[in-house]
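Below: one structure, written as C-alpha cells.
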Amino acid sequence: MSAQGTAVRDAPERSRYELVVGDRVLGFADYSLDGRVITVPHVEVEPAARGGSLGSVLVRHMLDDVRSRGLSIRPLCPFVRVYIRGHEEYADLVDGS
C-alpha cells in the first residue's frame with residue numbers, strides 16, 4: 001500500500017496520532033504528554049498495510065507536528081528511535097532529560 005492519499009491526524013481524546021486512508025485508521029502512534037514532552041511508547045500499522053512506507057509517513061508527520069507545537073519527544077518505540085537516527089533533521093526534538 002502506498003503513502004498516497006493518506007492523512008495523519010492528532011487524536012488527543014485517544015492520546016495518539018492516527019494514519020488514515022479514506023475512512024480507515026491503518027496505523028497509530030500512542031503518546032502521553034507531560035508538559036512540553038511527548039512520550040511515544042508504541043507505533044503500529046495494520047499487518048496488511050506493512051512493508052510500504054506508511055509507518056514512516058506516520059512518524060514523519062507526528063515529528064513535524066511535535067516541532068510545530070514546540071514540544072520535544074521521548075521516543076520509547078524502537079521504530080521511532082530508528083527513524084530519528086536515520087533522519088538527523090529530527091534529532092534536535094529528542095528530549096535530553
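In this structure, NE2 in His61 is found 12.0 Å from OG in Ser68, a value given to the nearest 0.5 Å. Within the model, atoms CG of Leu58 and OG1 of Thr6 stand 9.5 Å from one another, a figure rounded to the nearest 0.5 Å. For the atom pair CD1 (Ile84) and CD (Glu89), the distance works out to 10.0 Å, reported to the nearest 0.5 Å. Atom-to-atom distance recorded for Asp30:CG and Ile38:CD1 is 10.5 Å, nearest 0.5 angstrom.
Linking Ile, Leu, Val, Met, Phe, Trp and Tyr residues whenever their side-chain heavy atoms come within less than 4.5 Å leaves Val25 and Val57 in two separate clusters. Hydrophobic clustering of Ile, Leu, Val, Met, Phe, Trp and Tyr side chains at less than 4.5 Å, counting indirect connections, keeps Val20 apart from Val45. Both Val66 and Val94 are members of a single hydrophobic cluster when ILVMFWY side chains are connected at heavy-atom separations under 4.5 Å.
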Taking it one step at a time, do Glu46 and Leu19 satisfy side chain to side chain contact (heavy atoms under 4.5 Å, CB included)? CA-CA 10 Å; Glu46 276 191 19; Leu19 176 79; over 6 Å; no
As a quick check of understanding, evaluate side chain to side chain contact (heavy atoms under 4.5 Å, CB included) for Val80 and Met62, giving each step before the final call. CA-CA 10 Å; Val80 177; Met62 175 185 66; 4.3 Å; yes
Taking it one step at a time, do Leu33 and Leu71 satisfy side chain to side chain contact (heavy atoms under 4.5 Å, CB included)? CA-CA 9 Å; Leu33 185 60; Leu71 303 174; 4.0 Å; yes
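Other residues, nucleotides and ligands place no more than 12 heavy atoms under 6.0 Å from the CD atom of Glu88.
With Ile73 as reference, Leu63 is the one residue of Leu63, Asp95, Thr39, Val37 to meet the side-chain contact (heavy atoms from CB on, under 4.5 Å) rule.
Nearest heavy atom pair, residue Arg81 against residue Pro75, reads CG-O, 3.0 Å. Across every non-hydrogen atom of Pro12 and Tyr31, the tightest pair is CA-OH, 3.4 Å. Here the closest non-hydrogen pair linking Val43 and Ala29 is CG2-CB, 3.7 Å.
Residue pairs meeting the salt bridge (Lys or Arg N to Asp or Glu O under 4.0 Å) criterion with at least one partner in residues 59-69, sequence neighbours excluded, are Asp10-Arg69, Asp65-Arg69, Arg67-Asp92.
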